[in-house]
Amino acid sequence: METAVRMRGITKSFGPVRALEGVDLDLRRGEVLALLGDNGAGKSTLVKILSGVHPADGGVLEIQGQPVDWRRHDVASARLRGVETVHQERSIGEKQPLWRNVFVGRHLKNSLGFIDARREREETKRLLSDVIGLKGAGMHPDARAATLSGGERQGLAIARALYFRAPILVLDEPTTALGAGEAEQVLSFVERLREEGHSCLLVSHELHHVHRVADRFALLERGRVAEVLERSRTSLSALADRLLLGSRGGA
Ligand SMILES: Nc1ncnc2c1ncn2[C@@H]1O[C@H](COP(=O)(O)OP(=O)(O)O)[C@@H](O)[C@H]1O
Ligand SMILES: [Mg+2]
């Protein structure tokens with residue numbers, strides 16, 4: 001199956017606000033697709049529909065070839081279908097230790113069916129050091145998430161997705177408000193995900209970041225996909241020009 005996610009005619013309103021007005025979009029298998037657009041264009045709403053936070057009002061969503069029934073679409077069922085999301089708003093529990101953050105909602109159980117906290121701690125330790133290479137002094141399983149830097153938090157959330165081998169990863173503005181070094185770390189996680197064959201929908205305002213890691217760029221304007229550009233045919237400056245055109249209400 002070529003397509004990880006297929007969206008056709010997705011609409012969503014919040015009261016009188018038409019956030020999405022018929023979105024057609026495909027996320028291919030093994031690609032990084034950037035979702036670009038002005039504030040209020042509907043990017044986070046689309047992310048939330050894909051990840052089961054909201055149902056759409058109408059349209060078709062297929063995840064790995066399976067059509068979604070809006071009446072049964074929630075975060076748990078989106079996860080079961082392979083969608084792991086790092087939301088724009090906080091996606092980790094600040095007061096919880098790291099190991100609890102990794103396994104919340106998906107515990108490792110022992111043979112008696114109880115939560116195996118020891119194994120969860122050990123797995124978290126391995127995940128932090130071997131899988132994502134976060135070796136800072138504060139990165140131990142019992143550290144509280146509140147003590148992590150912004151980049152480490154994004155790293156933890158991405159690590160969780162890697163651990164559960166989610167085929168589809170959705171990142172909503174993962175590098176916003178990060179320092180250059182931390183953003184670099186997040187971008188290299190994304191590159192690694194693609195190398196391992198995951199598909200990634202990446203929402204970002206930072207054009208030099210998305211131009212580096214994305215295969216295609218989808219431009220969302222007032223709740224519709226205005227254009228999808230291939231990286232191989234679009235320079236960074238052409239991409240910037242095209243976005244400027246959109247936000248002036250042109251094209
Ligand atoms: N839960 C909500 N309730 C009411 N309006 C919302 C809600 N979520 C988003 N909106 C509105 O939908 C539009 C699209 O928002 P959003 O998807 O967050 O845009 P973006 O992520 O592209 O900045 C905006 O006008 C926003 O105010
Ligand atoms: Mg947003």
Next item on the list: Flag the pair Glu84 and Arg106 as a salt bridge only when some basic side-chain nitrogen lies within less than 4.0 angstrom of an acidic carboxylate oxygen.
Entry: yes

Item checked: Same apolar cluster (I L V M F W Y, side chains within < 4.5 Å links), Leu148/Trp99 -> no

Check: If you round to the nearest 0.5 Å, how far is CG of Leu244 from OG of Ser237?
Finding: 12.0 Å

Next item on the list: With sequence neighbours left out, write down each residue that passes side-chain contact (heavy atoms from CB on, under 4.5 Å) with Glu122, or none if nothing qualifies.
Entry: Arg118

Next item on the list: Nearest 0.5 Å please: distance from the CG atom of Leu108 over to the CZ atom of Arg119.
Entry: 4.5 Å

Notebook entry, point to check: Is Gln64 reaching over with its side chain to a backbone N or O of Arg81, donor-acceptor style, under 3.5 angstrom?
Noted result: yes

Next item on the list: For a side chain to side chain contact (heavy atoms under 4.5 Å, CB included) with Val203, tell me which candidate from Val210, Val86, Leu46, Val47 qualifies.
Entry: Val47

Checklist line | Any side-chain heavy-atom pair of Leu50 and Ile63 under 4.5 Å | finding: yes

Notebook entry, point to check: Any donor-acceptor pair under 3.5 Å linking the side chain of Lys12 with the backbone of Arg18?
Noted result: no

Check: Under the 3.5 angstrom rule, does the side chain of Asn110 hit a backbone N or O of Asp116 as a donor-acceptor pair?
Finding: no

Notebook entry, point to check: Are Ile49 and Val17 in one and the same hydrophobic cluster, where Ile, Leu, Val, Met, Phe, Trp and Tyr link if side-chain heavy atoms are under 4.5 Å apart?
Noted result: no

Notebook entry, point to check: Is there a side-chain contact between Val213 and Leu202, using heavy atoms and a 4.5 Å cut-off?
Noted result: yes

Next item on the list: Take Glu31 and Arg231, measure what salt bridge (charged side-chain N to carboxylate O under 4.0 Å, His left out) needs, and give me the verdict at the end.
Entry: CA-CA 11 Å; Glu31 82 166 343; Arg231 180 187 192 275; over 6 Å; no

Note to self: I'd like to know if the side chain of Lys43 reaches the main chain of Asp38, judged simply by a donor and an acceptor atom lying under 3.5 Å from each other, with no hydrogens or angles considered.
What the structure shows: yes

Check: Are Lys48 and Asp172 close enough for a salt bridge, meaning some N to O gap below 4.0 Å?
Finding: no

Next item on the list: Would you name the heavy atoms of Gly82 and Pro167 that are closest together and state the gap between them?
Entry: O-CD, 3.3 Å

Next item on the list: Using a 4.5 Å cut-off on heavy atoms from C-beta on, say whether the side chain of Leu98 contacts that of His140.
Entry: no

Notebook entry, point to check: Is any side-chain heavy atom of Asp57 closer than 4.5 Å to a side-chain heavy atom of Ser13?
Noted result: yes

Check: Which heavy-atom pair separates Gln185 from Ser188 by the least distance, and what is that distance?
Finding: O-OG, 2.9 Å

Item checked: Salt bridge Glu21-Arg222, side-chain N to carboxylate O under 4.0 Å -> no

Checklist line | Criterion salt bridge (charged side-chain N to carboxylate O under 4.0 Å, His left out) on Asp24 and Arg6, from CA distance to verdict | finding: CA-CA 8 Å; Asp24 298 334; Arg6 183 170 175 269; over 6 Å; no

Notebook entry, point to check: Roughly how far, to the nearest 0.5 Å, is OG of Ser199 from CG of Asp215?
Noted result: 10.0 Å

Item checked: Cys200 side, atom SG; Leu169 side, atom CG - distance, nearest 0.5 Å -> 5.0 Å

Next item on the list: Answer whether the closest heavy-atom distance between the side chains of Leu220 and Val23 falls below 4.5 Å.
Entry: yes

Checklist line | Taking every non-hydrogen atom, the tightest pair across Trp70 and Gly59 | finding: NE1-O, 3.0 Å

Checklist line | Trace of the side chain to side chain contact (heavy atoms under 4.5 Å, CB included) decision for His205 with Asn39 | finding: CA-CA 9 Å; His205 283 292; Asn39 282 328; 3.3 Å; yes

Next item on the list: Looking only at non-hydrogen atoms, find the nearest pair between Thr124 and Glu120 and report the distance.
Entry: OG1-O, 2.7 Å

Next item on the list: Output yes when Asp142 and Arg121 qualify as a salt bridge under the 4.0 Å nitrogen-oxygen rule, no when they do not.
Entry: yes

Checklist line | Distance, nearest 0.5 Å, that separates CZ of Arg216 from OG of Ser232 | finding: 10.5 Å

Check: Does a side-chain heavy-atom distance below 4.5 Å link Val60 with Glu62?
Finding: yes

Item checked: Same apolar cluster (I L V M F W Y, side chains within < 4.5 Å links), Phe164/Leu128 -> yes

Notebook entry, point to check: Crowded around Arg194 CZ? As in, over 12 foreign heavy atoms under 6.0 Å?
Noted result: yes

Check: After noting the C-alpha distance and the side-chain angles of His209 and Ser204, does the key distance pass the side-chain hydrogen bond (donor to acceptor under 3.5 Å, both in side chains) rule?
Finding: CA-CA 8 Å; His209 290 165; Ser204 179; 4.9 Å; no

Margin query: Walk me through whether Leu243 and Leu36 qualify under side chain to side chain contact (heavy atoms under 4.5 Å, CB included).
Written below: CA-CA 8 Å; Leu243 280 169; Leu36 305 170; 4.0 Å; yes

Check: For the residue pair Pro141 and Pro97, what are the closest heavy atoms and their distance?
Finding: O-CB, 3.7 Å

Margin query: For the NE2 atom of His208 and the OG1 atom of Thr175, what is their distance to the nearest 0.5 Å?
Written below: 7.5 Å

Item checked: N-O pairing of Arg126 and Glu123 below 4.0 Å -> yes

Notebook entry, point to check: Stepwise, does the side chain to side chain contact (heavy atoms under 4.5 Å, CB included) test hold for Thr85 with Val53?
Noted result: CA-CA 10 Å; Thr85 307; Val53 176; over 6 Å; no

Next item on the list: Apply side-chain contact (heavy atoms from CB on, under 4.5 Å) to Gln96 and list each qualifying residue two or more places apart in sequence or on a separate chain.
Entry: Arg100, Asn101

Margin query: Tell me every residue that passes side-chain contact (heavy atoms from CB on, under 4.5 Å) with Thr234, counting only those two or more places apart in sequence or in another chain.
Written below: Phe217, Leu229, Ala238, Leu239

Notebook entry, point to check: Would a distance-only check, ignoring hydrogens and angles, find a side-chain to backbone donor-acceptor pair under 3.5 Å from His198 to Val190?
Noted result: no

Note to self: Could you tell me if the side chain of Leu33 sits less than 4.5 Å from the side chain of Leu35, heavy atoms only?
What the structure shows: no

Notebook entry, point to check: Taking a hydrophobic cluster as the set of Ile, Leu, Val, Met, Phe, Trp and Tyr residues connected by side-chain heavy atoms closer than 4.5 Å, whether directly or through intermediates, do Val228 and Leu20 fall within one such cluster?
Noted result: yes

Note to self: Regarding Glu2 and Arg28, does a basic nitrogen lie under 4.0 Å from an acidic carboxylate oxygen?
What the structure shows: no

Note to self: Would Leu27 and Ile168 count as a side chain to side chain contact (heavy atoms under 4.5 Å, CB included) here? Give the steps.
What the structure shows: CA-CA 9 Å; Leu27 174 63; Ile168 300 162; 3.9 Å; yes

Check: If you measure from the Lys or Arg side-chain nitrogens to the Asp or Glu carboxylate oxygens, is any gap between Asp26 and Arg8 under 4.0 Å?
Finding: yes

Next item on the list: Evaluate the ring-ring contact (aromatic ring centres under 6.0 Å, His included) criterion for residues His54 and Phe14: first the C-alpha distance (whole Å), next the side-chain angles of each, then the deciding distance (0.1 Å), finally the verdict.
Entry: CA-CA 11 Å; His54 300 310; Phe14 297 101; 5.3 Å; yes

